[in-house]
Number of protein chains: 2
Amino acid sequence: MNSSPLIDQLIEAFKCLPGVGPKSAQRMTLHLLERNKHGGQKLSESLARALENVGNCSRCRTLTEEETCRICASLSRNSKICCVVESPADVFAIEQSGTFRGVYFVLMGHLSPIDGIGPEQLGIQQLLDKTQQESTEEIIIACNPNVEGDATAYFIAEQFKSLQVKVTRIAHGVPVGGELEFVDGGTLSHAFSGRKVMDNS
Amino acid sequence: MNSSPLIDQLIEAFKCLPGVGPKSAQRMTLHLLERNKHGGQKLSESLARALENVGNCSRCRTLTEEETCRICASLSRNSKICCVVESPADVFAIEQSGTFRGVYFVLMGHLSPIDGIGPEQLGIQQLLDKTQQESTEEIIIACNPNVEGDATAYFIAEQFKSLQVKVTRIAHGVPVGGELEFVDGGTLSHAFSGRKVMDNS
């Protein structure tokens, strides 16, 4: 028997978060109620506001509350180079690395016929249209390096075959800072087949 | 550069939860916006409702939205036995074990003069009054088994010396299901000094 139905409901609600089980949900609930009511208030409000206003960017499909997202709208980005990723989280990761100055296209998933996710759901036609409208010069495919991501990457490359667009895919290989000993076989074989000449000139 | 200020705000707001850093906060935000808007809505509403309505039980000080909590109000609980704990989370843990059928008193902390937490903040006077009003027969102290918890337990026991109330403390010892090899020295010495005669009669 817990002491309060509202607390039970809140614990239950916290369980919808990824990686949050009954224990963490209870800890979060009690933390906010006992020690951080202000933070809880802010969380509740931010969440309601984001859920109400955030939709998809009309150009790149990432999550934004505006018609076009801040990256698509920025004048300092090179719209001739478009990086295709599976999810907004990938955009965050690439932006945090600070290596890419082009624009994005977010598939919001990967090909998965069993779940009813085909080219239409991934907005492939929209990507083709955007490429022609913005006369994109290079499409960099950065789908996840797994079976579904590979299938999606090959499918997209196929669609662009007849167009005058260079299609590339980010390199697979040994992660920087890792130790060879702990790298899996698939990654190692990719690293070998993708080896480069060391040019010391 | 992220794609949306509202998303940035929501990520920031999630960081107020215990054990949630920037990566988890981002994952939670994107999960709710991409895949579980309904769950997010419910979370936002439950949180707002709980923050607005939940206060402390007038009898045991635990968190509840009612005047007296469900445990204090229950007729099936033995109000002659009162378990003193540090926080509502302890009430949850003891209730889940299902071993205790008495009522609680929640200190909402432990003695900590450096943080300005003295007997007044812990409601010791309220505990003494409650004990006399409800003619409690036994006070079971279940403060945490650490320095602050020990100090608090001794202090409370001291207050009850002049009254006709039995004061006990839950046993310290080797946790059930653990292995002796991995139990710390403090716990082992408690386990030895608290040893019991094995009665096979």
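Just so we're on the same page: letters track the sequence lines, and every chain starts at 1.
- How far CG of A:Leu17 is from CG of B:Leu43: 5.5 Å, rounded to the nearest 0.5 Å.
- The local environment of NZ in A:Lys23 is sparse, with at most 12 non-hydrogen atoms from other residues, nucleotides or ligands closer than 6.0 Å.
- By the ring pair (Phe, Tyr, Trp, His ring centres under 6.0 Å) test, B:His31 is found to be paired with no residue, residues two or more places apart in sequence or in another chain being considered.
- Between chain A and the residues B:Lys15, B:Gln9, B:Arg27, B:Lys42, the largest count of heavy-atom pairs under 4.5 Å involves B:Arg27.
- Under the 3.5 Å distance criterion, the side-chain polar atoms of A:Ser44 are left unmatched by any main-chain donor or acceptor of B:Leu47.
- Remark: B:Ser87 engages A:Glu34, B:Ala89, B:Asp90 in a side chain to side chain contact (heavy atoms under 4.5 Å, CB included) (not counting sequence neighbours).
- Taking 4.5 Å as the heavy-atom cut-off, the residues of residues 50-60 of chain A that approach chain B are A:Ala50, A:Leu51, A:Asn53, A:Val54, ordered by number.
- For the pair A:Pro5 and B:Glu65, the minimum side-chain heavy-atom distance is below 4.5 Å.
- Take B:Gln159 and apply the side-chain hydrogen bond (donor to acceptor under 3.5 Å, both in side chains) test, not counting sequence neighbours, and it matches no residue.
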Full working for side-chain contact (heavy atoms from CB on, under 4.5 Å) between A:Leu10 and B:Arg49 = CA-CA 9 Å; A:Leu10 183 52; B:Arg49 216 168 331 122; over 6 Å; no

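- Side-chain contact between A:Cys16 and B:Leu32: present, with at least one pair of heavy atoms (C-beta onward) separated by less than 4.5 Å.
- In this structure, CD in A:Gln26 is found 5.5 Å from CD in B:Gln96, a value given to the nearest 0.5 Å.
- Note on B:Gly19, B:Ser46, B:Pro18: by heavy-atom pairs under 4.5 Å with chain A, the leading option is B:Pro18.
- Note that the CG atom of A:Leu6 and the OG1 atom of B:Thr64 stand 8.0 Å from one another [nearest 0.5 Å].
- To the nearest 0.5 Å, the span separating CD1 on A:Ile11 from CZ on B:Phe92 amounts to 4.5 Å.
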